[in-house]
Each structure stands twice: as structure tokens, then as C-alpha cells.
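Small disclaimer: the values here were computed from a predicted structure and weren't measured. Whatever order the structure lists ligands and atoms in, that order sets their numbers, starting from 1.
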Amino acid sequence: MRPNYTLPRLYLDRALSGDIELSREQAHYFGGVLRKSLGDRVRLFNAGDGEWAAEIVQKGRKAMRLTVTEQLRAPQRVPDIRLLFAPLRKHRTTIVLEKATELGVRTLQPVITHHTQFPAFNVERAEAQIVEAAEQTERLDLPVVRAPVPLEDALSGTRTVVFADESGGDCVVGAVSRIDLPVDILIGPEGGFSADERAQIRARLDTVPVSLGPRILRADTAAVGLLMIVQATIGDCRLAYLSGG
Ligand code: SAM
């Protein structure tokens, strides 16, 4: 059954079966904001259950009960892409979280670099922003968002790191099409990477330095642009092609 994209959807971190009592906020969203009534249908989703239709079977001023009916979409994970990014000034970090969620990132890992100007990062606030973006973008899961770590800790594994290097690198499309998932994407802060950091990152065996063109992009622009290119070459598109989609 094709999902009815006009039905509103809600992320619920609990088993999507039987009767479900919504929280006051969730009841207010469906009942107060969207003016849904008894008998109306809505959609519920999470990573483990996929997406299910549900019917409003009881509605009070600040309460609502749903009955889960049929599954609309099976669970589906996004490609294993991790975004390593330096926290930015608040509204730009919000842009990174929202766009990366829309672009199908699996993990969001803030990293603290020498020139990071805004090291404070509120994981709870980030999670709330991510849920909203996932509901809107028709995702079936949420990206995992972690607390910030020092850059060297994030680079300590052996995953391939596509390093957005403002000082220059390979042409991004060619470089990315020669690698495969899983992959990390590394974007620096407003102040860019220090020379020591650049040397350390490039010294890694599994680093792929890429240029995003001759202009200096804002960090949020660079994150969105590089994510889009990775998804369009080795992420969503390659996976869809391989699965005959
Ligand atoms: N302060 C740096 C400068 O003036 O050279 C600019 C840093 S830029 C605002 C933030 C990050 O975006 C960079 O660290 C890099 O990861 C990425 N970025 C921006 N423009 C880029 C480009 N043309 N090629 C590759 N990465 C770029």
C-alpha cells in the first residue's frame, strides 16, 4: 500500500501496535494544531517498525488514543554516512542538523577542532530538531546524534573520511565515485582547519581530500553540498540502482 503523503506523521519511539495513548504535546499537535478528529487517520513511524497507519479512536482536550491499523512502509535504514562537523553558531548548526537529516545522514558527530568558535552543543535540542526534520522529510528512521568529541578521536577508526579541504583537494565527484560506503564526511568550522589539523587528517591512510570548488563555502553550505554529492554517487542512488530501483 502506497503511503498517503497527505496524512500527518509522528515519530514514536515505542512498538507501533494496538492502542497508543499520545502524550499531551502529541495530542495537541494532532488535535489542536492539525484539527484531526475521531475516525481520522494519521501515520506513525520509527526505525524498528517502519511506518504504520493509525486511527483516532478517542479524543479529549489534552489526550488522544490511536489504534494502529496497517503497515504502510517496512523499516528502511539510510546509507552508512557519518557527518563529522564542527559546531557552528546556533542557527547554522540548526541548518546542518535539518539538512543532513533530510539528506539521509545516518550519524551526526560534532567534532571540536582548533578553530571551533562555538563548542557548546546541546544534544537534546539537536534530537528535537532532528525528529521534526525526519517527520517532514518522510524518513523512516532518525539519524543518531552524539555529543562532541575532539577531532583526533573522531578520526581514530579506519573509516574512509571524505575531507572537505578548503585549501584544495581532488575534484569531488571523481574522488567520491572511486570509494564506497561506509564513509565519513568531514567539514571544518567557520575558521577552517589549522595547518597541523590538515596535516594530521591528510596523513591518515583512509582520507580522501576533496575540493568543493574555487570559492570558500560557509560550513553549512559545504556540509549540504558534499552530502548531496555523496548520496548522489555512492549513497541513495547507487543503492537504488543495485536494488533494481
Ligand atoms: N576560514 C576558512 C578560509 O577562509 O579558508 C574557511 C572555512 S569554511 C567557512 C568552513 C569549512 O567548509 C572548511 O573547513 C571546509 O571543510 C569547508 N569548505 C568551504 N569551502 C570549501 C571548498 N571550496 N572546498 C572544500 N571544502 C570547503
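Judged as a ring pair (Phe, Tyr, Trp, His ring centres under 6.0 Å), the pairs with a partner in residues 132-190 (not counting sequence neighbours) are, in order, Phe163-Phe193.
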Show, in sequence, the C-alpha distance, side-chain angles and deciding distance for Thr107 and Arg146, and conclude whether the side-chain hydrogen bond (donor to acceptor under 3.5 Å, both in side chains) test is met. CA-CA 8 Å; Thr107 309; Arg146 300 198 190 287; 5.0 Å; no

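Without hydrogens or angle criteria, Glu197 side chain to His114 main chain gives a donor-acceptor distance under 3.5 Å.
Protein neighbours of ligand 1 below 4.0 Å, counting non-hydrogen atoms: Ala164, Asp165, Glu166, Ile187, Gly188, Pro189, Glu190, Gly191, Gly192, Phe193, Val210, Ser211, Leu212, Gly213, Arg215, Ile216, Leu217, Ala219, Ala222.
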Side-chain donor-acceptor contacts of residues 168-177 below 3.5 Å, not counting sequence neighbours, with atom names and distances?
unit_1	atom_1	unit_2	atom_2	d
Ser177	OG	Val173	O	2.8
Ser177	OG	Gly174	O	2.9

Please table the atom pairs, donor to acceptor, closer than 3.5 Å between any side-chain atom in residues 119-134 and protein atoms at least two apart or in another chain.
unit_1	atom_1	unit_2	atom_2	d
Asn122	OD1	Glu124	N	3.0
Asn122	OD1	Arg125	N	2.8
Gln129	NE2	Thr94	OG1	3.1

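Note on Glu51 versus Arg43: salt bridge recorded, some NZ/NE/NH1/NH2 to OD/OE distance being below 4.0 Å.
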